[in-house]
Student: 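Before anything else, here's the structure in question.
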Amino acid sequence: MRETRLWSLHILVLPIIAVLLGAHFAVMHYAPVFYGMSVEKAREFSTMIERGKSITQLVLYILLLAAGLYHGMYGVRGIIRELPLTPTLAKLVDVGIIAFGLFIFALGTYVTWWTYSYKIGG
Amino acid sequence: MNSNKPTAYNNRLGIKGWVYAGNYTFERYLYIGHRLSGLGLIAYMVLHIVETANRMRGEEAWQGLMALFASPPFKIIEYLLFAMAVFHAMNGVRLIITELGFFLGKPKEPVYPYSSSIKRHRPLTFVIMGLAFLIIILGGSSLFFP
C-alpha cells in the first residue's frame with residue numbers, strides 16, 4: 001500500500017509540474033515569445049529580484065521545487081532499486097535519496113526566500 | 001546459516017536490465033529514453049538549484065554567470081534540456097494513457113495470428129512522438145532564432 005501511495009503521488013504531482021514548469025520556461029527561456037522581452041533582460045539581476053518579490057512566485061516556486069524534486073527523486077529511487085540490492089541496501093538508498101532531496105529542497109527554498117526578502121538598494 | 005534470511009534479489013538483470021531492450025522494440029527504447037531523459041532532467045534540476053544560489057553572491061556574480069549561459073555551448077545544452085523535457089513529458093502522457101487502459105483495444109482470445117495490445121497502441125505512440133518531435137523543432141527555432 002505504501003508503494004502504491006508513493007507511486008500515485010509521483011503521478012499526481014505531474015499537473016503541478018506541467019503547469020509551473022511551462023510557466024517557468026515561458027518566463028525565463030521564451031520571454032521574447034510570451035512577454036516581448038529579451039532573454040538577457042528576463043535574466044537580469046534586477047528583473048529576477050523584481051519577479052522574486054511576488055508572494056505568488058514565492059509560493060509557486062516552492063511548490064514546483066517540491067513537486068519536481070519528489071517526481072525526480074522517486075524516479076531515481078525506482079531505477080536504483082532495480083539493482084539486485086539487499087533489503088538493507090534498499091533501505092539505505094531510500095534514506096540517502098530522502099536526505100539528498102530534502103537538502104536540495106531546503107537550499108532551493110532558502111534561495112527563493114532570499115530573493116523574496118531581498119532589500120533593493122539595501 | 002538461516003536460509004530464510006533475505007539476501008540480494010537474484011531475479012533481476014542488474015545494470016544490463018537498465019538498457020537491454022529485449023524484443024519489445026520501439027516502446028522499450030522509448031522506456032530507455034524516458035529514463036535517460038529523466039535522469040538528465042533531475043541532474044539538471046539539482047545543478048540549476050545550486051547555480052541559482054549564486055544570486056546570493058551579488059549582482060556581479062549573477063551577471064557573470066548569466067553571460068556564461070548566453071554563450072553558444074550553453075545555448076546548445078539549454079536546447080538539449082528542452083528537448084529532453086518535451087520528450088519526457090510527451091512519453092509520460094503516453095504512459096499515463098496506457099496506464100489508464102486507453103488505446104489498448106479490447107482483450108481478445110489468444111488465437112493465432114496474435115494481436116498484441118502494444119501493436120494496437122502503436123498508432124498513438126507514433127502520433128505522440130510525432131507531436132514531441134514537432135514541439136522540439138519549433139522550440140529550437142524560437143530559441144536559436146528569436
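By convention in this document, chain letters (A, B, ...) are assigned in the order of the sequence lines, proteins followed by strands, and residues within each chain are numbered from 1. Given the structure is predicted, the values throughout are model-derived calculations rather than measurements.
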Student: Counting only heavy atoms closer than 4.5 Å, note whether L14(A) contacts chain B via side chain, backbone, both or neither.
Tutor: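 For L14(A), the side chain is the part near chain B, not the backbone.
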Student: Using the rule that two of Ile, Leu, Val, Met, Phe, Trp, Tyr join whenever any of their side-chain heavy atoms come within less than 4.5 Å, decide whether L65(A) and V76(A) are in one cluster.
Tutor: yes
Student: Given heavy-atom pairs under 4.5 angstrom as the criterion, report whether the side chain, backbone, both or neither of M73(A) touches chain B.
Tutor: both
Student: Roughly how far apart are F45(A) CZ and L65(B) CG, rounded to 0.5 Å?
Tutor: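 It is 12.0 Å, given to the nearest 0.5 Å.
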Student: Is R57(B) atom CZ crowded by more than 12 heavy atoms from other residues, nucleotides or ligands, each under 6.0 Å away?
Tutor: no
Student: Which atoms of I17(A) are under 4.5 Å from chain B, going by heavy atoms: the side chain, the backbone, both sets, or neither?
Tutor: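 Contact with chain B: none, neither part.
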Student: Any non-hydrogen side-chain atom of R35(B) less than 4.5 Å from a side-chain atom of E82(A)?
Tutor: yes
Student: So which heavy atom on L107(A) is nearest to which on A53(B), and how close?
Tutor: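 Answer, listing the atom of L107(A) first, then A53(B): CD1-CB, 4.4 Å.
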Student: Consider only side-chain heavy atoms of I, L, V, M, F, W and Y, link residues closer than 4.5 Å, and tell whether M84(B) and F25(A) are in one cluster.
Tutor: no
Student: In this structure, would L63(A) and L9(A) fall into the same cluster of hydrophobic residues linked by side-chain contacts under 4.5 Å?
Tutor: yes
Student: Could you tell me whether E3(A) atom CD has more than 12 heavy atoms of other residues or ligands within 6.0 Å of it?
Tutor: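 Count over threshold, so yes.
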Student: For residues W114(A) and R55(B), determine if any side-chain heavy atom of one lies less than 4.5 Å from a side-chain heavy atom of the other.
Tutor: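 W114(A) vs R55(B): side chains touch.
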Student: Could you check whether atom OH of Y44(B) has more than 12 heavy atoms from other residues, nucleotides or ligands sitting under 6.0 Å from it?
Tutor: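 Enclosed: over 12 neighbouring heavy atoms sit under 6.0 Å from OH of Y44(B).
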Student: Specify which of I104(A), L21(A), V111(A), I79(A) makes the most heavy-atom pairs with chain B at under 4.5 Å.
Tutor: I79(A)
Student: In terms of hydrophobic clustering (I, L, V, M, F, W, Y; side-chain heavy atoms under 4.5 Å; direct or indirect links), are L47(B) and I77(B) co-clustered?
Tutor: no
Student: For A89(B), is it the side chain, the backbone, both, or neither that has a heavy atom closer than 4.5 Å to a heavy atom of chain A?
Tutor: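 It is neither, since no heavy atom gets under 4.5 Å.
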Student: Against chain A, label I96(B) side chain, backbone, both or neither, depending on which of its atoms sit under 4.5 Å from a heavy atom there.
Tutor: side chain
Student: Using non-hydrogen atoms and a 4.5 Å limit, figure out which bit of M56(B) sits close to chain A: side chain, backbone, both or neither.
Tutor: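 For M56(B), heavy atoms of backbone and side chain both lie under 4.5 Å from chain A.
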Student: Decide if atom CD of E50(A) counts as having more than 12 heavy atoms of other residues, nucleotides or ligands within a radius under 6.0 Å.
Tutor: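 It does not: E50(A) CD has 12 such atoms or fewer within range.
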Student: Please answer: with hydrophobic residues joined when any side-chain heavy atoms are less than 4.5 Å apart, are M28(A) and Y79(B) in the same cluster?
Tutor: yes
Student: A quick test of your reading: do over 12 heavy atoms of other residues, nucleotides or ligands sit less than 6.0 Å from CZ of F133(B)?
Tutor: no
Student: Is the shortest heavy-atom distance from the side chain of V46(B) to the side chain of F100(A) under 4.5 Å?
Tutor: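 Yes, at least one pair of side-chain atoms sits under 4.5 Å.
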Student: Check each atom of E59(B) against the heavy atoms of chain A and say whether the ones under 4.5 Å are side chain, backbone, both or neither.
Tutor: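 Backbone plus side chain of E59(B), per the 4.5 Å heavy-atom cut-off to chain A.
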Student: Less than 4.5 Å apart, side chain to side chain, heavy atoms only: is that true for L69(A) and I42(B)?
Tutor: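 Heavy-atom side-chain distance check passes, below 4.5 Å.
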Student: Name the region of H88(B), side chain, backbone, both or neither, that has any atom closer than 4.5 Å to a heavy atom of chain A.
Tutor: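 Side chain of H88(B) only, per the 4.5 Å heavy-atom cut-off to chain A.
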Student: So, do M66(B) and E44(A) sit near enough that their side-chain heavy atoms are less than 4.5 Å apart?
Tutor: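 The answer is no; the side chains never approach within 4.5 Å.
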Student: Counting C-beta onward and ignoring hydrogens, is there a side-chain heavy-atom pair between I11(A) and E99(B) closer than 4.5 Å?
Tutor: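 SC-SC contact between I11(A) and E99(B) ruled out.
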Student: Could R43(A) and E78(B) be called an ion pair, given the rule that one side-chain N must be under 4.0 Å from one carboxylate O?
Tutor: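 A salt bridge is present here (some side-chain N lies under 4.0 Å from a carboxylate O).
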Student: Distance from I49(B) atom CD1 to Y110(A) atom OH, nearest 0.5 Å?
Tutor: 16.0 Å
